[in-house]
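Sending over a structure as structure tokens; questions will come in a sec.
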Amino acid sequence: MMTTVNGTPAKSAGHDLFEPQQATVVKREPLVPNLQLLTVHAPAVAAKIQPGQFVIVRADEHGERIPLTVADWDREAGLVSCVFMQVGTSTYKLGKLKPGQVLPTFVGPLGRALEIEQWGTVLCAGGCYGIGSIYPVARALKEKGNRVISFIEGRSKFLLYWLDRLTAVSDEVLIATRDGSLGEKEGYPNRVERMLAAGEQVDRVIALGCTFMMYQMSETTRPFEVKTIVSLNPIMIDGTGMCGACRVAVGGKTRFACVDGPDFDAHEVDWELLLARRKAYLGPETESAEK
Ligand code: FES
């Protein structure tokens, strides 16, 4: 059956959702300083999105394409929500969007859905925008019958959000703040290492956040051989495996995060290469935002 997205014809199956779709902003609001929540009416995406998948968004006709992991959705209402951090010109443009504005591009669902099975106890670690992205993952794991431990970290209490949502889908919520304003001061690597060293049962770890945070989780769980999945966030352009911008090395092979991922086994990722490639764009991004 032919469907339409805001009047744009969309094919019924397969790669139809890779075609650019317009979508209307329903809400855009700051969650904490520098992190915003964007909720968009995009029924075709909302109908199919799964935990771990992402969308590519452009704020205006001249904007670059930004990949955003989806943080929540409402299939009935046709709504999709993403949490994003304002780091460069394009994300600042996203941060100025107003309800009713039509986005020239809102493409998805992209990437592979995260594997969700009943593994036992799963630790879901989220930092920064990853706190939002880990929420649908924790929810899906809980629905599958897992014992879910959510672990969120920030510099201070005022940088954490969605504690209520995470609490509703978790058996336990661990909180760490570097200034000790909420939860414990001990953050991801030390606390997880302590848990594993004490023999606490953790069957799988899923980490979402900045590259360095995911790298730290990977190195923490590696000696304990606990399967750890990370959602990689390299630079992306087309999001469909055509441009090669998102290439990463996993298990000694070149993989494209947009179509082969974004979720990979953390212990097989070439972190040195990934961290170096991310760093290469930091200067131009900051310069562009300042201009
Ligand atoms: Fe172009 Fe992945 S973003 S190949």
Side-chain angles (χ1 to χ4, degrees), residues 5 10-11 14-23 38 40 42 44-45 48-71 80 82-91 93-94 103-115 128-130 133 137 207-212 214-215 218 229-266 268-285 288-289:
V5 179
K11 292 171 205 149
H15 283 190
D16 56 344
L17 297 175
F18 287 176
E19 289 178 1
Q21 299 164 29
Q22 287 189 332
L38 176 67
V40 168
V45 179
K48 296 198 171 184
I49 195 91
Q50 297 293 333
Q53 290 187 299
F54 66 96
V55 292
I56 281 191
V57 185
R58 266 192 319 156
D60 61 31
E61 291 291 347
H62 310 290
E64 63 181 331
R65 296 157 66 86
I66 311 281
L68 297 177
T69 309
V70 167
V80 179
C82 304
V83 175
F84 65 94
M85 179 163 53
Q86 291 182 286
V87 279
T89 309
S90 298
T91 43
K93 283 184 184 174
L94 285 182
L103 296 170
T105 304
F106 194 83
V107 188
L110 296 173
R112 291 171 183 270
L114 184 68
E115 191 188 0
C128 190
Y129 65 87
S133 309
V137 173
L208 274 98
C210 72
T211 306
F212 187 67
M214 293 190 287
Y215 161 72
S218 170
I229 303 296
V230 287
S231 177
L232 299 187
N233 50 6
I235 301 297
M236 289 190 187
I237 298 176
D238 65 310
T240 60
M242 303 290 284
C243 70
C246 68
R247 66 187 181 278
V248 290
V250 182
K253 292 190 185 133
T254 296
R255 311 292 298 273
F256 291 157
C258 68
V259 287
D260 300 322
D263 306 305
F264 293 101
D265 184 330
E268 295 197 349
V269 172
D270 183 336
W271 290 102
E272 206 178 311
L273 181 69
L274 182 62
L275 286 160
R277 292 200 64 204
R278 289 238 24 125
K279 231 195 248 168
Y281 296 98
L282 205 60
E285 236 174 29
S288 161

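All ligand and atom numbering here is 1-based and tracks the order in the structure.
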**Q.** atom 2 (Fe) of ligand 1: protein N, O or S atoms that are less than 2.8 Å away, sorted by chain
**A.**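 For atom 2 (Fe) of ligand 1, the protein N, O and S atoms that sit under 2.8 Å away are C246 SG, C258 SG.
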Q. Measuring from L208:CG to C128:SG, what's the distance to the nearest 0.5 Å?
A.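 Interatomic distance, L208 CG to C128 SG, rounded to 0.5 Å: 11.5 Å.
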**Q.** Side-chain donor or acceptor of W271 paired with backbone N/O of A266 under 3.5 Å
**A.**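 Between the backbone of A266 and the side chain of W271 there is a qualifying donor-acceptor contact (under 3.5 Å).
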**Q.** Between OG on residue S231 and CD on residue Q53, distance to nearest 0.5 Å
**A.**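 Answer for the OG-CD pair, S231 versus Q53, is 11.0 Å.
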Q: Could you tell me whether the side chain of F106 reaches within less than 4.5 Å of the side chain of V80, counting heavy atoms only?
A: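 With C-beta onward as the side chain, the pair touches.
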Q) Hey, what do you get for CG (D263) to CZ (F54), rounding to the nearest 0.5 Å? A)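 The distance works out to 10.0 Å.
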Q. Can you list the steps and then say if V248 with F264 is a side chain to side chain contact (heavy atoms under 4.5 Å, CB included)?
A. CA-CA 10 Å; V248 290; F264 293 101; 4.2 Å; yes
